[in-house]
Amino acid sequence: MTEIALPRPAASVMSDPGAVGRFGEYGGRYVPESLIPACAALEEAFRDAWADPRFRRDLDRLLAVHAGRPTALTPAWRLSAELGVNVLLKREDLAHTGSHKINNVLGQALLARRMGKTRLLAETGAGQHGVATATAGALLGLDVTVFMGEVDIERQALNVFRMKMLGAEVIPVTSGTRTLKDSTSEALRQWVTCVDEAHYCLGSVMGPHPYPWMVRELQRVVGDEARQQCAAEISTGTPDYVVACVGGGSNAAGTFAGFVDTPARLVGVEAEGGAAAAFGQVGVLHGFSSYLLQDENGQVSEAHSIAAGLDYPGIGPEHAHLKDSGRARYVTVRDEEVVPAVHRLARTEGILPALESAHAIAWVIRAAESGELPPWSTVLVTLSGRGDKDMATLMAAS
Amino acid sequence: MTEIALPRPAASVMSDPGAVGRFGEYGGRYVPESLIPACAALEEAFRDAWADPRFRRDLDRLLAVHAGRPTALTPAWRLSAELGVNVLLKREDLAHTGSHKINNVLGQALLARRMGKTRLLAETGAGQHGVATATAGALLGLDVTVFMGEVDIERQALNVFRMKMLGAEVIPVTSGTRTLKDSTSEALRQWVTCVDEAHYCLGSVMGPHPYPWMVRELQRVVGDEARQQCAAEISTGTPDYVVACVGGGSNAAGTFAGFVDTPARLVGVEAEGGAAAAFGQVGVLHGFSSYLLQDENGQVSEAHSIAAGLDYPGIGPEHAHLKDSGRARYVTVRDEEVVPAVHRLARTEGILPALESAHAIAWVIRAAESGELPPWSTVLVTLSGRGDKDMATLMAAS
Amino acid sequence: MTLQLRRDRPLLAPYVTGGIRPDWTDYLHEYARNGADAIEIGLPFSDPILDGPTIQEASDAALRRGVTVRGLLDEIAAVDVGVPLIAMTYYNLVVHRGAAEFCRDLAAAGIRGLIVPDLPVDESDPLASAAVAAGIELILLAAPTTPADRLAAIARASRGFVYAVSTMGTTGSTFAASGCRLAADLRQLTDQPVLLAFGIATHLDAVTAARSADGVVIGAALMRRVLDGGTPAELGAVLAGFRKALDEDGPDCVP
Amino acid sequence: MTLQLRRDRPLLAPYVTGGIRPDWTDYLHEYARNGADAIEIGLPFSDPILDGPTIQEASDAALRRGVTVRGLLDEIAAVDVGVPLIAMTYYNLVVHRGAAEFCRDLAAAGIRGLIVPDLPVDESDPLASAAVAAGIELILLAAPTTPADRLAAIARASRGFVYAVSTMGTTGSTFAASGCRLAADLRQLTDQPVLLAFGIATHLDAVTAARSADGVVIGAALMRRVLDGGTPAELGAVLAGFRKALDEDGPDCVP
Ligand SMILES: Cc1ncc(COP(=O)(O)O)c(C=O)c1O
Ligand SMILES: Cc1ncc(COP(=O)(O)O)c(C=O)c1O
């Protein structure tokens, strides 16, 4: 308890970052001049669409009839009993394609069509965002090209096959570390060559303005739904803690957005090997400024996590601001805590969480067991995805 | 069109099969005397629970907060445009654990607890029902033992691992063909030895009375939801056709139950290599009488399908009755039609169906393209599960 | 030619899986010669849900040899071993042929009784009528968990004898004393013989069982030996041992 | 010591990745000796998002050799090649060091200009001020898709020259005639030199570009040769060829 500062007033946080795309000092639009008009056009199109009730209605309908929203809010009965805190799970693992990534992607694909684009580009690490983009492309009749590091292609052969089944082209990225960071760079490079017909469908709350804001807005459905569901489920109306894992930070941003104006304490959980908020320094990568893992010379460090989706050296700029402002707190979890957390949730609730999501569970377990969470406080955890994709990793780890 | 008889009055079909558990001449309770008291106790317990609003409320809540019900009804826009018929998909692929199997299993697990049982036994082929049972066991604190043929254990290593992660014990079955048929026999044999503490959680609308009826009732949530959703989605209120794949027949039975008293034409789609309704003769296996694939000497034939979940030589007794009464029609689809159907749905709707479910899609494609389905008729298809489990099979097939 | 079992000694009914070896009918002769009062012949079925590993293995082996009910009945018709023969099989084989035809076929082959382990008394009417018409006896099974009212119904409806399953398990399970109570209960309900079956593997098991029942069926214990290569003569010798043990009696049934 | 480029001939600005080989500064000498009017030195960054495969490969190779900005600047400070040196790098290296310190370091090493491809004009104020304070020029980039108002702003804000990206692509893309229009437009907006860059690989490309612009930057085409083992002397000869082609002029810009 003692460590946790009381939440500050929320007026200035999680609002519209304006034309400059700033969250406090973070964010911005650090891309080559060639991409500036495309980013500006995207911002304009998104502002226009987001204010258009018809666009919102179309998206809401897609999310409902195709992606299966609203997703359930599950009281984790047995885990709660074991831990002595009330754990509620927001079940993004039940969304179509198996994670929250679909929320963002359906919104961007619909926007791309509205802008007259015929193609989607996407970067992917574990393949979840790639699969989601391929899905949205198939559904809305857009060609999809996914950039994926050669190393990840090997590790995630099944997701590569899923993307191909969905009609997407998967381009191996052979530069740098041949993982997510490099596939993001490559997607940006390729976007330059086809800005007229292609929309770059970025997978998290990162990249140049308007992406961090747009993706947060597209993911806020997670938090908005959860808030409503909590109001029905919890006597006090809102949870005491709201916890989500943070890779780029989209599931956390979407969740936090629903609770930022409540007294709930917001906790973002990073993988220790990719903990930009915890261990990073201010830097600029992939179009935005934020906390970034880098070496003493300013070269970007490779992230390392058992969860491919957390294997990114940066963090969305709004999270950097939430951290500085004290409105959210960022903690880290080690790989060794994650696998037991998967097992624990599987055995208590019959739910196999994604390794990414298991980071959030692992922190809740640790904080409950150490007494950091007050007895019978209410903890909302966003379960960002399902663990099916991680079975091979877990088999190797066991 | 010409082939399809007009639906008969539905009064006698899909009702309570009474104490004898008969659907027309099919069904019954053909089990060793040792199991009769357990079956009778189960029937009594289910009748009691099913009439108890508190049980229904508990189950409804579990289905909602844990399994993610209601599942979406998705208009398949692009496939519909291509085929010239209105295809609506009931999305059981979005249910927790990835198929409709969870509906049945949560009901039986809740019932088992009500009966004071501490263990669940289950048979499984592809592993879907085993995973669902392991899930329900974890959630409700029941030990789970899953019987699985040695051949299937090899083919479905990932699902075996999922079950173990969920805390279930998986027992290899080495007798007979070492597949689903034999694991069902073995589960029945083992149930004899532990009827007092164990509930046998059967996975489809088969087995001795009350299973075919009970499982249909537990799966009717699929049809009931779909009916309500269709009423909102379709101008005429009900679809012209209701289509589902048939292994044992639980997703089809649950779906049909919602529409049996409407003018909708009901179509069950079997795998050609496991088509008991199409090619079977009347027989008795695993406790019930129905259509059954058998050789000229009355030995049960091995079923063969690319979809492990349709690899069963029998069909639920109620389906045999629905066929005889003309209320439903049963058609077959070949493996060679199934893989293209998966690809087609993936590319048009961004949905990777389970190979089982793809049988229903394949028939709709064939019937639409042959002109058998009238232009712009409305076709509800139950998508019983997601295709993630089948990626290895599809990779091998491509 | 009804199934009339002698009542002057503990009954001994050994089992053999039909067609397990080309010379399988020799087991019938040896059983008869060494003290069997009736012989149970398994007509192999692909999915024997009340059989344990041994008899499953025997059934599979016979089916792999290509045996059929028709062929087995022809072989049976050609032998006369001097003790009543009883068929044991699963209900699908009956349904497949048709109950009336099936029973007529058995009768024509000289078989006097029929045991169908997956046909409980509630479902037995059609086959019982066919059996009566064909002049064979439909023998019903009772189990340790069978409640009193059902037990009475089974005792009433069973013909030839009552087949008491000693244990909650499959053929080849360990013999359980629960069977002794079941047999004793059944004998209160019927004048027909009550034979205890399942798991009778040792002389002690047999003698124990025979103190409560009118006799025993020995199945898996014999078939294990057959599968291990035991010749008809060797199995005859084994049966003679059981005969002797039963006739000389032994220690009490230890509950 | 500002960045004052000569205006009496088509400008030729070759590029080299700093630290690509231990003897990399020899390329500077050879470039200068063979007709370079300025030299662009890449300070390698781990994630060069506007570079194509060749310069990515060069950056990776240099980083694998362990080069650092600090070390490279020390090497640069130790040479005097007689033509202006311009650093090209990505913004994170600036932020990491701090814009003021970074610019002072460059100036101290004798570098006169700085190009930061991921820093658009809208975000450039902090670095521009630091550059002014340190006495170096911040050169801005323009692209074929840059709208007129932005083009004017870039032309106004860029110092030393304007860097016109010829094509919608990365370094090493194929040269596109769109660049000629861009250069022409820019020359309407500024008196400063306009250099066309990206994809200039052949003499024809260079001459075509130089008809619309004040000169060219040649990067990937040279670095490909360096990566293939080209010695400083060999690269000097290549540059001399470009110098000659530019000075003698050639065919028209074919749109
Ligand atoms: C299941 C899941 N959770 C979380 C993440 C991390 O992304 P973010 O931090 O943007 O939510 C990923 C990324 O692939 C993911 O697949
Ligand atoms: C996805 C899916 N669909 C269908 C089936 C067939 O079962 P049923 O006919 O009982 O619905 C299975 C069985 O495993 C399955 O996994």
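Note on naming: letters A, B, ... go to the chains in the order of the sequence lines (proteins, then strands), and numbering restarts at 1 for each one. The shown structure was predicted, so the numbers you read here are calculated from the model rather than taken from an experiment.
Side chains of D/T202 and D/D205: a donor-acceptor N/O pair is present below 3.5 angstrom, by distance only. A/E123 and A/Y200 form a side-chain donor-acceptor contact under 3.5 Å, judged by distance and modelled atom types alone. Residues A/Y330 and A/T332 have side chains that never bring a donor and an acceptor to within less than 3.5 angstrom of each other. Counting only N and O atoms by type, the side chains of A/T145 and A/R119 include a donor and acceptor under 3.5 Å apart. No hydrogens or angles considered: a donor-acceptor pair under 3.5 Å links the side chains of A/D324 and A/Y26.
Using a 4.5 Å cut-off between non-hydrogen atoms, the part of residues 278-295 of chain A that approaches chain D consists of A/Q281, A/V282, A/G283, A/V284, A/L285, A/H286, A/L292, A/Q294, A/D295. Contacts between residues 41-60 of chain D and chain A, counted as heavy-atom pairs separated by less than 4.5 Å, involve D/P44, D/F45, D/S46, D/D47, D/P48, D/I49, D/L50, D/D51, D/Q56, D/D60. Of all residues in residues 141-151 of chain D, those placing a non-hydrogen atom less than 4.5 angstrom from a non-hydrogen atom of chain A are D/L141, D/A142, D/A143, D/T145, D/T146, D/P147, D/R150.
Side chains of A/D182 and A/L180 form no contact here, defined as non-hydrogen atoms less than 4.5 Å apart. In this structure the side chain of A/M214 reaches within 4.5 angstrom of the side chain of A/Q108, judged on heavy atoms. With a 4.5 Å cut-off on side-chain heavy atoms, D/L11 and D/L195 count as touching.
In this structure, chain D has a heavy atom under 4.5 Å from the side chain of A/E186, while its backbone stays farther away. For A/P32, the parts lying near chain D are the backbone and the side chain together; criterion is any non-hydrogen pair under 4.5 Å. For D/L63, the part sitting under 4.5 Å from any heavy atom of chain A is the side chain, from C-beta outward, and nothing else.
Salt-bridge check for A/R216 with A/E318: passed, with a basic side-chain N closer than 4.0 Å to an acidic carboxylate O. In this structure, D/R187 pairs ionically with D/D214, as a charged nitrogen and a carboxylate oxygen lie closer than 4.0 Å. A salt bridge links A/D152 with A/R155: at least one charged nitrogen is closer than 4.0 Å to a carboxylate oxygen. Salt bridge annotation for A/K181-A/D311: absent, with no cationic side-chain nitrogen under 4.0 angstrom from a carboxylate oxygen. Between D/R70 and D/D74 there is a salt bridge, since at least one side-chain N of the basic residue sits less than 4.0 Å from a carboxylate O of the acidic one.
Outside the 6.0 Å centre-distance limit, the rings of A/F23 and A/W213 are not counted as a close aromatic pair.
Applying the side chain to side chain donor-acceptor pair (under 3.5 Å) test to A/D16 and every residue at least two apart in sequence or in another chain returns A/R47.
Chain A forms the most heavy-atom pairs under 4.5 Å with one residue out of D/V121, D/L119, D/V95, and that residue is D/V95.
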